Undergrad: 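Can you keep this structure in mind? I'll have questions shortly.
Bear in mind the structure is a predicted one, so any value in this text is a computation, not a measurement. Quick note: residue numbers are just sequence positions, from 1.
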Amino acid sequence: IQWMPATRAVHIDRERKQVELHDGSRVAYDHLALSTGARPRMLDCPGASLDAVHYLRDLGDARRLAAHAQTARRAVVIGGGYIGLEAAASLRLKGIDVTVV
Ligand SMILES: Cc1cc2nc3c(=O)[nH]c(=O)nc-3n(C[C@H](O)[C@H](O)[C@H](O)COP(=O)(O)OP(=O)(O)OC[C@H]3O[C@@H](n4cnc5c(N)ncnc54)[C@H](O)[C@@H]3O)c2cc1C
């Protein structure tokens with residue numbers, strides 16, 4: 001395994017079987033695995049960018065949410081999947097009223 005930290009893949013050349021990196025260099029492949037993860041779906045409704053609206057994906061998101069939760073009394077969680085319900089349970093443990101949509 002050749003580890004290339006802080007390196008972004010910016011283009012896939014399927015004909016030449018090469019991945020182009022952000023610095024312009026290229027890496028050849030025989031088989032390519034795309035394992036770039038997932039992002040939360042962003043809301044485009046009015047108010048979605050307000051200060052007390054949080055998305056939950058990484059450690060920074062979790063820390064911002066936890067900081068806000070220290071003074072919050074009520075929370076609405078949009079998305080009742082695994083992450084949404086786990087967040088709802090954590091907020092309940094802090095004594096916050098939670099509504100899951
Ligand atoms: C809040 C939260 C809690 C979770 N809790 C659990 C849990 O308790 N147990 C559990 O099993 N799972 C949990 N999960 C799910 C788990 O984190 C994910 O399923 C797992 O991280 C997915 O792994 P992945 O490799 O597909 O993606 P990721 O871990 O997201 O990794 C993708 C990587 O690809 C990199 N990347 C993206 N685009 C490029 C590019 N163009 N060039 C180079 N690199 C790129 C990203 O920087 C990232 O490092 C949780 C997820 C969240 C959000």
Side-chain angles (χ1 to χ4, degrees):
I1 297 172
Q2 186 187 355
W3 169 236
M4 304 177 79
T7 304
R8 186 165 185 81
V10 295
H11 182 74
I12 299 167
D13 184 340
R14 293 176 69 180
E15 257 174 40
R16 294 190 182 129
K17 290 192 161 188
Q18 292 178 340
V19 175
E20 185 181 329
L21 308 179
H22 71 275
D23 64 359
S25 64
R26 287 171 167 249
V27 184
Y29 65 86
D30 295 317
H31 297 277
L32 178 64
L34 290 179
S35 48
T36 47
R39 268 182 267 179
R41 196 174 302 171
M42 309 302 273
L43 289 184
D44 59 3
C45 60
S49 60
L50 289 173
D51 199 34
V53 176
H54 298 272
Y55 290 89
L56 185 53
R57 172 63 197 155
D58 58 24
L59 184 58
D61 297 336
R63 286 189 168 141
R64 278 186 290 278
L65 180 58
H68 247 122
Q70 288 195 340
T71 53
R73 288 182 292 116
R74 290 172 300 168
V76 176
V77 176
I78 302 179
Y82 182 84
I83 291 168
L85 294 182
E86 212 173 32
S90 297
L91 293 166
R92 277 300 303 139
L93 285 176
K94 291 179 179 293
I96 297 170
D97 286 338
V98 180
T99 302
V100 176
V101 178

Undergrad: Do you know which two heavy atoms are closest between Val19 and Ala9, and how far apart they sit?
TA: CG1-CB, 3.7 Å

Undergrad: What distance do His11 atom NE2 and Leu21 atom CG have between them, rounded to the nearest 0.5 Å?
TA: 12.0 Å

Undergrad: According to the ring-ring contact (aromatic ring centres under 6.0 Å, His included) rule, which pairs have a member within residues 52-95, sequence neighbours left out?
TA: His54-His68

Undergrad: Going only through I, L, V, M, F, W and Y residues with side-chain contacts under 4.5 Å, is there a path from Met42 to Ile78?
TA: yes

Undergrad: Residues in ring pair (Phe, Tyr, Trp, His ring centres under 6.0 Å) with His22, at least two apart?
TA: none

Undergrad: Hydrophobic clustering (ILVMFWY, side-chain heavy atoms < 4.5 Å, transitive) - are Leu43 and Val77 grouped together?
TA: no

Undergrad: Taking the side chain from Arg57 and the backbone from Ala38, do they hold a donor-acceptor pair closer than 3.5 Å?
TA: yes

Undergrad: Is there a donor-acceptor pair closer than 3.5 Å between any side-chain N or O of Thr7 and the backbone N or O of Pro5?
TA: yes

Undergrad: Counting only heavy atoms not in Asp44, do more than 12 sit closer than 6.0 Å to its CG atom?
TA: no

Undergrad: To the closest 0.5 Å, what do you measure between CZ (Arg64) and CG (Asp51)?
TA: 10.5 Å

Undergrad: Could you tell me which non-hydrogen atom of Gly80 sits nearest to which non-hydrogen atom of Val100, and how far apart they are?
TA: CA-CG1, 3.9 Å

Undergrad: Measure the CD1-CZ distance between Ile96 and Arg74 for me, rounded to the nearest 0.5 Å.
TA: 11.5 Å

Undergrad: Membership question, hydrophobic clusters at under 4.5 Å side-chain separation (ILVMFWY): are Leu91 and Leu59 in the same one?
TA: no

Undergrad: Between CG of Leu32 and NZ of Lys17, what distance do you get to the nearest 0.5 Å?
TA: 9.5 Å

Undergrad: Listing request: all ring-ring contact (aromatic ring centres under 6.0 Å, His included) pairs with a residue in residues 24-53, at least two apart in sequence or in separate chains.
TA: none

Undergrad: Quick one: does Val27's side chain get under 4.5 Å of Gln2's, heavy atoms only?
TA: no

Undergrad: Would the number of heavy atoms belonging to other residues, nucleotides or ligands and lying under 6.0 Å from CZ of Arg26 be above 12?
TA: yes

